[in-house]
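Quantities reported herein were computed from a predicted structural model and do not represent experimental measurements.
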Amino acid sequence: MFRISRDSEYLDLKSEEGNVTLSREEIVGKHVHELLPNDVAAISLEAIAKTLDSGTLQTCEYQLPTPLGVKDYEARLVVSGQDEVVAIVRDITERKQAEVALQNLAQKFAKAFSCSPDSITISTLQEGRFIEVNDSFVKLSGYERDEAIGKTSFELNLWVHDRDRQNLLQELQATGVVRNLEVEFQQKSGKIITTLLSAEIIDLDGLPSILAVHHDITERKHVEAQLRLSAERDRLLAETLVRIRSSLNLEEVLQTTVTEVRQFLQADRVFIGLNNTKLGVKTLAESVDPKYPLPTGWSTNDEAYLQELRNLLKNNVVRVVEDITQVTLSPKVKAHFQKFQTRATLSVPIMLGNELFGALIANQCSGPRHWQPIEIDLLQQMSEQVAIAIHQSQIYQKLAELNTNLEHQVQERTAQLQQKMQEVEELHRVKDVVLHTVAHDLRTSVMGNLMVLKNLLNQGVGSGEWGVGSGGEAREQGAGGKGEKFFPLPPAPRLSASYAPCPMPNAQHPILVSRSIIERMIQGNDRQLTMINSLLEINSYEKQGIDIKPEPVDFNTLLGVTFTQLEPILTQNQATLKNLVPADLPLVMADATRLEKVLAHLLTHSLQNNPPGLNFIVSASVEGKMIRTQIQDDGVVMSKLECDRLFDLHVRDPQDCCSTSIGLKTYLCRKVIKAHGGEIGVISNRKRGLTFWFTLPLATSATNRP
């Protein structure tokens with residue numbers, strides 16, 4: 001509290017400690033303009049003069065900087081003596097801040113109220129009389145702001161169902177708030193919309209009011225309805241398709257179709273009509289509301305009228321009539337519609353190829369109807385399914401007619417097939433007899449030849465030439481013109497009765513044969529014997545399968561034994577073999593004897609198809625539950641086609657004398673590896689050589705198999 005004179009001098013002061021930043025001595029005796037900023041001093045001088053002149057209370061507000069920041073103050077001045085006033089000053093900073101916050105909040109609410117995309121209204125609680133509405137309400141309802149304010153929602157006829165207003169009031173009075181209540185409203189134009197209504201009770205200057213927000217979900221509801229219709233349409237189509245495929249009863253299929261289509265469309269009548277040039281129009285199936293007449297039994301012999309009906313469908317793929325009274329019709333067609341009380345119709349032709357079989361027709365008898373695109377699409381697709389059912393039925397009838405002849409033909413063909421099967425069995429039996437007979441005789445002959453040739457080769461001395469004398473003995477022509485030395489030949493092998501000795505021309509003179517020729521003859525007979533054995537082995541495998549006896553095998557030990565056995569042939573072909581198989585490789589499940597033959601066949605294949613000096617690298621690794629073995633050489637390459645066919649049993653190149661024998665061995669390799677549960681193949685390397693590979697199961701994975 002300050003005592004201030006008319007000339008603005010501070011006469012006295014009274015304050016609580018800390019409220020005034022200056023001491024009493026620094027204030028008393030000073031003038032206002034000495035202590036206060038110029039603008040505040042001017043306000044103070046004006047307030048002092050008004051107070052003394054009018055003798056009434058004067059109030060002024062101002063701001064002053066303080067160590068704690070700028071603060072707001074209110075000064076109330078009253079006359080306290082001649083030419084002096086008492087100024088009561090108080091800090092109103094918090095009140096001013098609250099007023100600013102409230103003002104900002106009011107501005108924000110006003111902006112949110114006016115800019116909200118949803119309709120917002122403020123109305124009285126009891127009557128529902130509108131106090132304020134925003135622009136979105138104007139857009140949603142169709143009523144201008146001045147048309148709505150002061151009117152009740154009932155006067156504007158907004159509620160489609162009056163009970164919704166009562167439900168809203170009951171919920172508000174019970175809980176004070178309503179959230180997302182689905183309500184239908186009527187616009188000024190009469191259109192019905194659906195909104196989600198959220199509302200709360202507010203106090204507006206002592207008047208209980210409702211703050212309501214309406215979120216328009218009409219489009220969403222429409223989309224949801226369309227989705228439901230689409231799902232129902234798809235279900236109906238799917239079930240009809242299943243029914244058509246599973247049933248040959250055409251009458252049942254058609255009747256179920258019209259019943260479900262009428263239920264889906266909520267139509268008064270759905271039926272399928274037959275177009276027949278001889279029988280006229282005939283109803284095949286119908287589903288009708290009991291209130292309206294059935295089309296069953298209706299017929300006419302008026303060909304001109306029937307042709308007009310056909311043209312309506314033929315010229316219009318889909319005929320859509322929403323209101324019969326709004327289209328031009330001939331008197332006969334109009335009379336037909338009147339007879340069956342048809343007000344709207346949707347007709348889709350049923351086409352079998354290019355022929356009009358009939359029509360799928362939906363009628364609305366209760367009044368005009370807007371046919372939605374999804375409904376038109378349903379009838380189009382259903383007509384296609386009905387056409388399929390009809391076509392299927394026709395095919396079934398034709399099949400039934402042909403069934404008797406077909407059964408007779410099947411009996412005849414069955415008898416012929418049985419006869420052919422007996423002939424094939426006989427051919428297989430003859431083939432087996434011929435194969436074993438020829439193979440036995442060939443083996444006997446080849447083995448005899450080998451015995452003779454090996455004896456000749458073992459008894460010979462030096463590298464001279466050999467001859468066969470007139471007595472059947474073998475002799476060597478000595479070098480330098482010396483005398484002949486004769487060696488008795490081994491006994492000739494016994495031949496079958498079908499073989500006879502061939503007389504030797506000019507028996508008095510010996511035939512000279514070089515050592516190399518005998519060696520080649522031995523090699524040729526060896527190949528023939530190997531091929532015969534392979535043929536017999538393949539025949540046995542094809543008929544009885546491969547009998548393998550797998551057991552856990554140390555793969556490194558198996559490789560060592562095999563490579564030791566192949567050492568002579570590797571040395572003969574000047575080949576080297578590098579073994580890179582890890583020493584700690586797990587055991588494999590294999591038949592060691594048969595696996596040794598596979599390794600020998602693969603190495604022999606490379607040796608026989610390459611010049612001497614071949615280099616081999618053998619490696620192995622664990623892949624999953626299998627061991628993969630690779631045999632890589634640096635010889636010639638093969639085409640992809642040759643790699644793909646190497647292990648197949650097929651006719652080889654007749655120009656290659658070794659191809660058939662080698663092909664049989666590779667085929668046997670695949671049979672053996674497959675019997676073990678593995679795979680085998682060959683890869684042609686990019687630069688040089690081939691890489692044979694095969695897989696075998698680990699002993700642990702094999703023993704765990706069921």
Side-chain angles (χ1 to χ4, degrees), residues 446 450 453-454 457 515-535 537-538 555-556 558-581 592-620 629-639 642-650 652-673 680-694:
V446 171
L450 282 172
L453 293 171
K454 288 180 179 179
L457 194 63
R515 183 183 185 90
S516 61
I517 290 177
I518 293 177
E519 290 175 346
R520 285 198 298 274
M521 291 174 66
I522 290 174
Q523 293 174 357
N525 279 272
D526 277 335
R527 284 195 299 271
Q528 291 180 14
L529 184 60
T530 301
M531 184 170 64
I532 292 169
N533 289 335
S534 297
L535 283 171
E537 192 173 2
I538 288 173
F555 199 53
N556 265 307
L558 177 65
L559 290 175
V561 173
T562 304
F563 296 156
T564 300
Q565 294 175 352
L566 294 174
E567 186 65 31
I569 191 171
L570 292 172
T571 303
Q572 181 182 350
N573 286 272
Q574 303 174 17
T576 63
L577 189 148
K578 183 182 292 185
N579 186 358
L580 300 181
V581 176
T593 303
R594 295 190 183 276
L595 198 55
E596 288 175 2
K597 290 183 179 181
V598 170
L599 291 167
H601 288 339
L602 296 180
L603 290 169
T604 303
H605 176 276
S606 295
L607 292 173
Q608 291 181 347
N609 285 277
N610 288 282
L614 200 63
N615 297 309
F616 292 98
I617 298 176
V618 181
S619 60
T629 305
Q630 294 191 151
I631 304 174
Q632 182 179 350
D633 64 56
D634 59 353
V636 297
V637 298
M638 290 194 306
S639 67
E642 290 174 321
C643 290
D644 294 340
R645 298 183 62 187
L646 182 62
F647 295 93
D648 293 340
L649 184 62
H650 66 278
R652 309 281 169 164
D653 184 2
Q655 303 299 325
D656 187 353
C657 61
C658 299
S659 62
T660 300
S661 177
I662 295 173
L664 294 175
K665 290 181 180 179
T666 55
Y667 177 73
L668 285 171
C669 288
R670 187 176 73 173
K671 297 288 286 186
V672 170
I673 295 298
I680 190 169
V682 61
I683 303 171
S684 183
N685 300 327
R686 182 174 297 179
K687 294 182 179 180
R688 292 196 62 187
L690 303 174
T691 299
F692 289 96
W693 62 269
F694 60 86

Engineer: Looking at residues at least two apart in the chain, or sitting in another chain, which of them share a side chain to side chain contact (heavy atoms under 4.5 Å, CB included) with Asp634?
Structural biologist: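 Partners of Asp634 by the side chain to side chain contact (heavy atoms under 4.5 Å, CB included) criterion, ordered by chain and then number, come out as Leu614, Asn615.
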
Engineer: Work out which heavy atom in Cys643 is nearest to a heavy atom in Val682; give both atom names and the distance.
Structural biologist: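 In this case the closest contact between Cys643 and Val682 is O-CG1, 3.6 Å.
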
Engineer: If you round to the nearest 0.5 Å, how far is CG of Leu690 from CG of Asn610?
Structural biologist: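 Here the interatomic distance stands at 7.5 Å.
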
Engineer: Minimum heavy-atom separation for His605 and Thr666, please, with both atom names.
Structural biologist: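 Minimum heavy-atom separation between His605 and Thr666: CD2-CG2, 4.2 Å.
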
Engineer: For the pair Leu602 and Phe616, evaluate side chain to side chain contact (heavy atoms under 4.5 Å, CB included) and give the outcome as yes or no after the intermediate values.
Structural biologist: CA-CA 11 Å; Leu602 296 180; Phe616 292 98; over 6 Å; no

Engineer: Can you give me the closest heavy-atom contact between Ser606 and Phe692, atom names plus distance?
Structural biologist: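 Distance-wise, the nearest heavy atoms are OG-CE1, 3.6 Å.
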
Engineer: Identify the two heavy atoms, one from Ala575 and one from Leu607, that lie closest to each other, and give their separation to 0.1 Å.
Structural biologist: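 The answer is CB-CD2, 3.9 Å.
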
Engineer: Check Val637 against Gly689 and note the closest heavy-atom contact, atom names and distance.
Structural biologist: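 That would be CG1-N, 3.5 Å.
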
Engineer: Is any side-chain heavy atom of Val618 closer than 4.5 Å to a side-chain heavy atom of Leu599?
Structural biologist: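 SC-SC contact between Val618 and Leu599 ruled out.
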
Engineer: For side chain to side chain contact (heavy atoms under 4.5 Å, CB included), just list the numbers for Ile673 and Leu595, CA-CA rounded to whole Å, side-chain angles, deciding distance to a tenth of an Å, and then say yes or no.
Structural biologist: CA-CA 8 Å; Ile673 295 298; Leu595 198 55; 4.1 Å; yes

Engineer: Would you please name every residue forming a ring-ring contact (aromatic ring centres under 6.0 Å, His included) with Phe694, sequence neighbours left out?
Structural biologist: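 Phe694: no ring-ring contact (aromatic ring centres under 6.0 Å, His included) contacts found.
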
Engineer: Does any part of the side chain of Gln630, heavy atoms only, come nearer than 4.5 Å to the side chain of Ile617, both counted from C-beta?
Structural biologist: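 With C-beta onward as the side chain, the pair stays apart.
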
Engineer: Tell me every residue that passes side chain to side chain donor-acceptor pair (under 3.5 Å) with Asn685, counting only those two or more places apart in sequence or in another chain.
Structural biologist: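 In terms of side chain to side chain donor-acceptor pair (under 3.5 Å), with neighbours along the sequence ignored, Asn685 is linked to Thr691.
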
Engineer: Please answer whether the main-chain N or O of Gly635 pairs with a side-chain N or O of Asp633 as donor and acceptor at a distance below 3.5 Å.
Structural biologist: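 Flag set: sc Asp633 to bb Gly635 pair under 3.5 Å.
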
Engineer: For Ser639, enumerate each residue passing the side chain to side chain donor-acceptor pair (under 3.5 Å) test, keeping only those at least two apart in sequence or located in another chain.
Structural biologist: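 Side chain to side chain donor-acceptor pair (under 3.5 Å) check on Ser639 returns Glu642.
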
Engineer: Over all heavy atoms of both residues, which pair between Ser684 and Met638 is shortest? Give the atoms and the distance, please.
Structural biologist: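 In terms of heavy atoms, the two residues are closest at OG-O, 2.9 Å.
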
Engineer: Calculate, to the nearest 0.5 Å, the distance between atoms CG and CD belonging to Asn573 and Gln608 respectively.
Structural biologist: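 Atom-to-atom, Asn573:CG and Gln608:CD are 8.5 Å apart.
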
Engineer: Ignoring hydrogens and angles, write down the donor-acceptor pairs under 3.5 Å from the side chains of residues 560-570, residues two or more places apart or on other chains.
Structural biologist:
| from | atom 1 | to | atom 2 | distance (Å) |
| --- | --- | --- | --- | --- |
| Thr562 | OG1 | Leu558 | O | 2.9 |
| Thr564 | OG1 | Gly560 | O | 2.8 |
| Glu567 | OE2 | Thr571 | OG1 | 3.4 |

